[in-house]
Structure formats: C-alpha cells, structure tokens
> 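Take a look at this one; I'll ask things after.
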Amino acid sequence: MRPTAFLYALLFCLGLSVLPGVPSVAEAQPVSRPAEAAAAVPPGPQRADNIEAELVLLSRWAAPGSTVVLAVHQTIAPGWHTYWRNPGDSGGPTTLDWRLPPGVKAGEIVWPLPTRQRLMSLVNYGYSGDVYLPVPIEVPASARPGTTLPLTVDALFLVCSDQMCVPVQMSLRLDLPIREGAPPPDPDHGAAIQAVLEAAPRPAGLDARATLQNGVLTLSATGGPLADLTAGAGLSRAYFYPFEGGIIDHAAPQSGQSGPNGLSLTLTPGGDLTAKGLNGPISGVLATDAGAWEITAQPGAVLAGTTGGKALSGDVETPSAAATDLNLGLILQSALFALVGGLILNLMPCVFPILAMKAAALAASAHQPREARRDGLLFLAGVLATFLVLAGGLLALRAGGEAVGWGFQLQSPAVIASLALLMLAVGLNLSGVFHVGAGLQGAGAGPLSRLPGGAGAFFTGVLAVVVAAPCTAPFMAAALGAALLMPWPAALLIFLMLGLGLGLPYLAVSLSPGLLRRLPRPGPWMDRLKGLLAFPMYGAALWLVWVFSRQTGAEGLALLMAAALTTAFALWLFGLTQAQRALGRSARLSGGSSLMALGAALVLAVIAGRAPVLGAASVAESGPLASAPWSAESVRAAQAEGRPVLVNFTADWCVTCKINERAALSSPRVAEALKATNAVYLVGDWTRRDDAITRELERHGRSGVPLYLLYPANGGEPRILPQLLTEGVVIEALKGA
C-alpha cells in the first residue's frame with residue numbers, strides 16, 4: 001500500500017472525517033429505527049436533502065406463483081453519489097432489509113455496472129443521477145387475485161459528495177397488486193428497469209484464471225461471448241471490477257491485451273492480496289466495450305490464446321452514458337419509423353374512404369391558394385390533435401394496468417356503430433341528400449356540398465386518424481411497439497411523428513400552387529366527382545356494419561341497421577328543410593321531424609352498442625385455411641411434437657389483415673405447404689378485446705395487428721413475417737421452418 005493511502009486508511013479508522021467524500025466510522029453506522037409495523041410506512045417516494053427513493057415495478061401487477069421484479073429507484077442530487085456492492089477505496093454499498101408478508105421472498109440486488117469516481121488518490125465505484133437497483137420478488141401461489149401485498153424495505157444509502165458523506169435511511173413501501181394473467185410493463189419505469197436488467201453483468205460461461213507473480217496480478221479469460229470476437233478484433237477496452245475490496249489497487253491503472261481466444265488484464269494487487277497471497281478464486285465483473293460479465297477466476301497459469309494481440313484500454317464507457325445514447329438513439333429511430341409509417345399509411349386500404357374526402361376538399365379549393373393552404377394546415381392540425389387524444393387515452397389506460405393496443409377503440413361495438421353512422425352521413429352529404437357549407441365555386445357552379453371551410457378540413461383530419469386506426473403500416477408497428485414502452489413524453493413524440501407522416505402529403509399538395517393549378521377549374525364536374533366519391537364512404541359504412549355484426553350478433557345488427565335507416569331518413573328530412581328555406585318557405589314540420597328521427601336513430605344506436613356480445617368462440621373464425629384458436633399452450637404443444645407453427649394475429653376491423661388472408665393465406669399452394677411441412681395454423685382473433693393477445697403483441701414489440709409469427713419445429717423463438725404477405729413469402733418461410 002502506498003504511504004498516502006495508508007495515511008488515509010489510518011485516519012478513517014480513527015474516525016477522523018478529514019477527507020472529502022470519506023465518512024467517519026460514526027457516520028457510516030446505520031441510523032437506529034424503532035420497530036414499527038409495515039402498515040405504518042406510507043407508500044410512494046421518500047425524500048432527503050440529497051436523494052429521493054421509491055419502490056417501482058417492472059410490470060403492472062404480479063400473478064400468483066410468479067416472480068415479479070421491482071427496483072429501488074434513486075434520484076440522486078447533482079454532485080452526490082451512492083455506491084456499488086464493492087464501494088472501492090471508501091464508502092459503503094446500499095443495503096436493503098425487507099419486511100414482507102408470509103410466503104413472499106426477496107432475492108439479491110441485480111447490480112448495474114458502476115462508474116469509477118476518483119477522489120485524490122482514491123477510486124470508488126458507484127452511481128449518480130437516476131439509478132435503478134432491481135430485485136426479484138417471489139409471490140406465493142396462495143396469493144389471491146384482487147388483493148395487494150404490502151412490500152416494505154428499510155434501505156440504507158451512503159450518499160457522498162466531494163466534501164462529505166451522509167448516511168440516509170428510508171423505509172420504502174409498495175403495494176403490489178395481485179391479478180391473474182401475464183402483466184403488461186409499467187409505462188413509467190418498465191422500460192428503464194428492463195434496460196438495466198438487460199445490461200447488468202451476468203455469468204456467461206467464461207473460463208478465467210488469476211496469476212500472481214512478481215507483484216503483478218494477471219487476469220485471463222476465454223470462452224463464452226469472448227469466443228465470438230475473432231482474435232479479439234471486436235474489443236478495444238476492458239476493465240475488472242472485483243466484488244471484494246483489497247483484491248486490487250482500485251486507483252492503479254489497468255492494462256490488457258487481446259488474443260485469438262480471449263483477453264488478459266494486468267492489475268496491481270491490493271493490500272489483502274499482497275499480504276495473504278492468492279489462496280482462492282477472485283470474483284468480479286469483466287467489463288468490455290462488447291459487454292460486461294460476471295467471472296470467477298481460479299488460481300492458475302495464464303490461459304492460452306489470451307495474449308499477443310492488440311493492446312486494450314481500461315477506459316470502458318460508463319453505463320449511464322451508454323444508456324443515454326441508446327435511449328436517444330431508440331427514440332430517434334422510432335420517430336423516423338413513425339414518420340415513414342405515417343406516410344405509408346396513406347396507401348393502406350383502411351384510409352381509402354378518407355382519400356375520397358381529401359380529393360373532394362382539394363378539388364374545391366384547387367384554385368384558391370389561400371383556402372388551400374388553410375385547409376392543408378387545419379387538416380394536419382386535426383390529424384395531430386386526434387393522434388394526441390388517442391395516444392393520451394391509450395397511455396392512460398396502460399398506466400391504469402389495462403392491456404390495450406393500437407386500434408383499441410375499434411374493439412368497442414359502440415364505437416364501431418357510431419363510426420358506421422358517421423360514414424353513412426358523410427356519404428349522404430357527398431351525394432347531395434343534405435348540404436353542409438354550401439357556397440358558390442365559380443360562375444354557374446352551383447352549391448358545393450362539403451364541410452364548411454377550415455372546420456371541415458380539421459374534422460377530415462380527425463376522421464382520417466379514427467378510420468386509419470385499424471391499419472398498422474410497415475415501419476409503424478415497431479415504432480408504436482417501442483412508444484408504448486417509453487416514458488410518456490417520448491411516446492407522444494412518436495405518435496406526433498406518425499400523424500405528421502399521415503398528414504404530410506396532403507399538406508405538401510395544398511402548399512404547392514404548381515400542383516394545384518394542374519387541377520381543372522371548378523365546374524359541374526365537381527358535383528359529379530363528389531357523387532362518385534360518396535361510394536367509398538358507403539363502402540366504409542357497410543364494412544363497419546359487418547365488423548359490428550361480428551362483435552355482437554343478429555340482434556345488434558338488426559338494431560344498427562334500423563339506426564342507419566332512421567339516420568338516412570333524418571338527414572333526408574334535413575335536406576328537405578334546407579331546400580324549403582332556400583325557397584323562402586316555412587320548414588318547421590320537416591325540421592322538427594328531422595330532429596325527432598335523428599334522436600330516434602341515436603337511441604337505436606345506443607341500444608345496438610349495448611346488445612349482448614358473442615362469446616369468444618362465436619367470434620373466432622378459422623379463415624380460408626383450417627385453423628385452431630391461438631394460445632401459448634397450443635404453440636408449446638405443437639413444438640413439443642416437432643411441428644412448426646404459423647400464427648396469425650388478426651381482427652375483423654383490420655382491413656390489411658383481411659387482404660392478407662385473401663391474397664396469401666387462402667392459396668391452395670399455402671395449404672399444400674402447411675400439409676407438407678406438418679405445420680399447425682393458429683389464429684389469434686383480436687376483433688374484441690383479448691388481454692392475452694395484447695400481451696403477446698407487446699412481447700414481440702407490436703401494439704396492433706396484423707402480426708404473423710412462424711415458430712420453428714425444433715423449438716425456439718419465432719420469426720416475424722412481413723405485415724404485407726404474399727403466398728411466396730409464406731411458403732418460403734414454411735419451408736425454412
């Protein structure tokens with residue numbers, strides 16, 4: 001030990017806190033606490049001058065008999081830090097003393113990789129800023145769904161700055177909800193805890209040796225992940241964090257070199273190792289720029305193939321910086337995917353009815369640049385506002401523990417019934433049955449039936465998003481799946497970028513006078529175009545009625561059709577009222593009758609939306625191919641028999657799903673390929689809400705349908721097929737399974 005380090009150690013043992021960042025013996029002792037019941041501890045975050053801490057969950061709840069991961073979340077004030085399991089030359093690790101209900105067991109802390117904190121000639125290992133310490137919790141099978149388990153921990157943090165150390169003890173409590181089924185991730189902390197778990201050092205099958213010779217400790221390692229790095233070419237940095245103090249001189253530099261089979265590090269032994277010699281294994285974390293792994297180095301000669309290559313730096317990137325770069329990169333990548341997905345969404349079949357409304361609006365204002373610009377901007381505003389509302393609703397439901405995904409609103413029969421009647425009303429407006437915002441569009445052009453000015457453009461943007469929700473365009477699925485796991489500001493950014501992609505083409509055309517001038521001038525052709533464009537709206541209304549029938553049944557369908565007939569009659573009376581008033585005549589009778597009919601239509605629609613819902617077995621449809629309902633157990637059973645499994649997650653309101661089923665999954669060649677490969681075809685029907693399907697979509701990074709999975713016959717994770725299928729894609733995938 002060097003003289004200065006010896007002096008610091010002596011002063012520390014005497015209880016003299018003369019070094020900045022080094023606590024005295026008295027300070028380092030845990031603060032005494034009275035023995036109180038766990039119920040007396042309030043849930044939620046606890047605060048001190050330099051740290052805030054709380055218990056947070058990876059997932060929203062726990063199922064009986066499962067293991068749930070919670071974390072001690074620390075928010076450390078700037079300039080302060082806490083410590084790793086081996087604090088280094090000074091300090092002390094965070095300790096947890098659990099008070100748990102009978103049968104509940106807490107595991108060990110999953111320690112993230114620390115950062116090195118230099119103080120004069122000392123080096124400590126610890127954390128600063130935002131820190132998660134995950135802990136697995138075993139829930140007994142006897143836990144009753146619908147109850148909560150109070151989890152209480154007495155946490156002792158040694159919080160230090162460059163000038164002083166303060167021991168902070170907090171009693172933290174979290175009430176763990178118990179529910180059946182696999183839980184969704186926690187929207188606020190789930191992604192962060194998952195990132196810590198994935199990056200935390202784990203054993204990886206490395207073979208390691210420790211050699212102490214002539215005052216030099218050599219650590220060599222081979223196998224495991226190092227075997228995949230050809231001749232060490234993928235490595236440039238490496239550092240060893242021992243689990244115990246006194247093994248190495250933490251402040252001394254570490255150097256290393258790669259070899260064809262692994263790497264070796266040259267370390268300065270610590271005081272304990274120098275005094276006692278190498279009498280047993282050395283355990284710790286080997287951190288590299290390719291990953292960090294737990295190792296146990298047995299005493300022995302340097303392993304062959306770990307030297308002779310390029311030199312390795314001991315300057316390993318800190319995990320906090322790496323995590324920041326990764327999160328920022330993921331957000332930017334997801335935002336780009338969302339923008340591209342929104343652009344492609346304009347080409348998806350479910351948006352075709354809205355294209356009709358866009359075309360009518362463009363034709364109306366083609367030679368009025370000011371109105372065209374206004375309409376383009378307000379259309380985009382309507383798109384963005386509706387995406388924010390949908391995203392806010394989805395994230396709020398997810399925060400409440402609900403398993404929902406993109407298109408969740410179309411799983412409600414009441415929403416489907418409302419949209420069907422709205423599409424019918426828009427079609428009747430385009431057909432001239434009644435007029436909204438009539439105006440002259442040039443000499444002799446006559447009234448133009450369209451929504452009034454800017455309000456109409458905004459409403460069209462709203463309707464575009466609502467109708468586009470059944471679609472999950474390529475690039476859009478991955479972005480939405482990531483957004484639902486991100487903190488809410490990043491998630492809202494993803495949804496806004498998706499809306500920007502959807503509205504950008506229309507905005508670009510409306511802001512381009514050259515493109516607008518190419519359209520013919522207003523005239524009678526516009527009325528004929530409007531009449532033609534009404535039919536996509538009627539088609540959309542019929543499609544929604546079909547979806548509604550699949551969600552409810554004959555009784556609900558009959559009520560909705562009665563509501564549609566009454567709506568059409570009410571709007572015809574409204575058009576008659578407009579015509580009478582245009583001629584200067586009284587229209588009280590037709591106007592009052594129109595209101596009464598419209599009220600009756602709304603009552604019928606409400607009753608239809610509350611019609612008895614069919615059971616899942618009634619809704620499920622095998623489709624063009626012989627199929628069975630999807631379940632995780634069915635997949636495992638088929639793989640256990642050595643059979644590949646093709647899974648189709650679909651919904652009746654998903655137009656893309658139905659097109660894929662007709663174009664690619666109804667082919668005789670696909671049926672032959674299924675038979676030839678002895679594959680099992682399973683269908684997961686998401687037409688109505690199904691939490692198990694929602695969780696499976698999330699597990700594969702998706703928030704909506706379609707999703708096509710192909711599980712290999714010999715077990716393992718599935719291959720995700722493209723969202724737009726061809727029979728060739730399916731057949732080739734089956735052959736490869």
Side-chain angles (χ1 to χ4, degrees), residues 332-391 426 430 437 441 448 450-480 483 492-522 525-526 529-530 532-533 536-537 540 655-656 724:
L332 294 177
Q333 176 182 324
S334 299
L336 178 61
F337 278 7
L339 179 64
V340 175
L343 289 169
I344 298 177
L345 200 57
N346 285 279
L347 306 177
M348 303 301 284
C350 51
V351 189
F352 285 170
I354 302 304
L355 292 179
M357 297 181 68
K358 291 183 187 178
L362 278 174
S365 58
H367 295 275
Q368 298 177 6
R370 180 176 297 179
E371 287 191 13
R373 288 193 297 270
R374 178 203 65 193
D375 288 354
L377 292 171
L378 287 174
F379 172 79
L380 180 62
V383 168
L384 295 179
T386 312
F387 263 109
L388 282 179
V389 170
L390 276 179
V426 172
L430 291 173
Q441 302 297 323
L448 174 66
R450 64 181 182 91
L451 295 173
F458 185 88
F459 171 78
T460 306
V462 172
L463 198 58
V465 178
V466 174
V467 177
C471 287
T472 306
F475 295 100
M476 176 178 157
L480 286 175
L492 291 183
L493 173 64
I494 302 303
F495 281 99
L496 284 175
M497 292 298 288
L498 182 59
L500 180 61
L502 178 62
L504 202 55
Y506 182 85
L507 177 64
V509 173
S510 66
L511 296 179
S512 175
L515 290 175
L516 292 174
R517 281 195 297 268
R518 293 179 180 273
L519 293 175
R521 293 200 168 270
W525 68 272
M526 294 179 65
L529 176 64
K530 286 196 309 88
L532 178 64
L533 294 178
M537 309 309 297
V655 180
T656 306
L724 298 177

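This one's a predicted model, so the numbers in the text were calculated from it and none came from an experiment.
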> Can you tell me how far the CG atom of Leu496 sits from the CG atom of Leu388, to the nearest 0.5 Å?
4.5 Å
> Using 0.5 Å steps for rounding, measure from the CG atom of Leu493 to the CG atom of Leu498.
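Leu493 atom CG to Leu498 atom CG measures 11.0 Å (nearest 0.5 Å).
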> Could you state the interatomic distance from CG (Leu502) to CG (Leu343), rounded to the nearest 0.5 Å?
8.5 Å
> To the nearest 0.5 Å, tell me how far Leu378 CG sits from Leu507 CG.
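CG of Leu507 is found 10.5 Å from CG of Leu378.
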> Between CZ of Phe458 and CG of Leu377, what distance do you get to the nearest 0.5 Å?
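That separation rounds to 12.5 Å.
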